[in-house]
Amino acid sequence: MKNRLGSEQRSERTLPRITIVAVGGTIAGKATHATQTTQYDPGVVSVNSLIEAVPQIRSLADVSGYQAANIPSFALTTDVLLQLGAEVNERLASDSCDGIVITHGTDTLEETAYFLHLTVKSEKPVVIVGAMRPSTAISADGPLNLYQAVALAASSEARGHGVLMSLNGRIGSARDTSKSQTMTADAFRSAEAGLLGYMVDEQPVLYYKSLRAHTTATEFDLTEVGNLPRVDILFGHSDDSRDLVDAAVKAGAKGIVHAGTGNGGIFPLTRVGLVDAAKAGVVVVSSSRIGNGLVTAKPADTQSGFVSSDNLTPQKARILLMLALTRTNDARAIQKMFETY
Ligand SMILES: NC(=O)CC[C@H](N)C(=O)O
């Protein structure tokens, strides 16, 4: 077949073999009218239709599709995460797969991305992508996002970065990139340190590499994990109480992430509840609702057995804490993990 420059014939066998694993979301969404960008059904278009809508990706890679789920990502469960992790690892272990692209709803895309970043046991490229406008919209962003995600996954430059998030021309690390706008196409932003580079048409331009351990360098092995423990996130605010802390403990949470004010601020009454939770063996992670910057480990927190989230957002801290709890419930050991991953 013709390559993308149209200048020479190439056999499909010479192209990287990329599997597109579809999970759902707006990229697979459908509305009644082309002008509807907020009223639509996410997770209804099949992976094969997504591929057929962008025939140009066939010049970048030998692509195949796998429908792992077709759901809005706010409905994602840990069961889906574990199945997806097993599926991605199995495919990457095969000689017939050179890289994976995951299409996903944007709401929890950053959580799935960080989960895979910590549990994929391969250096092969894994790129996760979504869209903010449904496939039926005028100026739908899904087709170009998918095209660039496949180009990135097909590129040797994407190797060894862990999971990459590619949306709207930006390449971000799964550790540091989050949805930061509810509606516009330019929704994904990296934290102060997280933007790795850009996609220029089908060319990745990368400037940075994260120093934090991921993929093959982590201690998390999904083949040993049957399920993930319950970890709740509690959003801190003025005039807070301990009621939701007690409710989380009563409901069986093994970990609590507190999304504190500023640099891990906790309302005094809530703190008493969290201290009691930690005494009862629940691992408490102090994080921040701010979305940028780190939560420093303060002596009072360390003495109470709390773990600092470092610069992970509460939702990413929850992913790491769930995985950490599959290894240990020792707060000091878990603090080390937050300083490593
Ligand atoms: N832009 C999106 O993908 C959001 C759609 C839906 N809320 C989801 O997360 O799947």
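Index from 1, following the sequence. Computed over heavy atoms, backbone and side chain alike; hydrogens, waters and symmetry mates excluded. Read the numbers this way: they start at 1 and go in the same order the structure lists the ligands and their atoms. In this text the structure is predicted, and so the values were computed from the model without any measurement.
Between the side chains of Tyr40 and Thr26, at least one donor-acceptor pair of N or O atoms lies under 3.5 Å.
For Glu90, there are no salt bridge (charged side-chain N to carboxylate O under 4.0 Å, His left out) partners at least two apart in sequence or on another chain.
Near ligand 1, heavy-atom contacts under 4.0 Å come from Gly25, Thr26, Tyr40, Pro72, Ser73, Phe74, Gly105, Thr106, Asp107, Ala131, Met132.
Identified under the ring pair (Phe, Tyr, Trp, His ring centres under 6.0 Å) test for residues 305-333, with sequence neighbours left out: none. Applying the ring pair (Phe, Tyr, Trp, His ring centres under 6.0 Å) definition to pairs two or more places apart or across chains, none involves residues 237-291.
Geometrically, Arg170 does not engage Tyr198 in a cation-pi contact defined by less than 6.0 Å to the ring centre and at most 45° from the axis.
The number of heavy-atom neighbours closer than 6.0 Å to NZ of Lys298, taken from other residues, nucleotides and ligands shown, is above 12.
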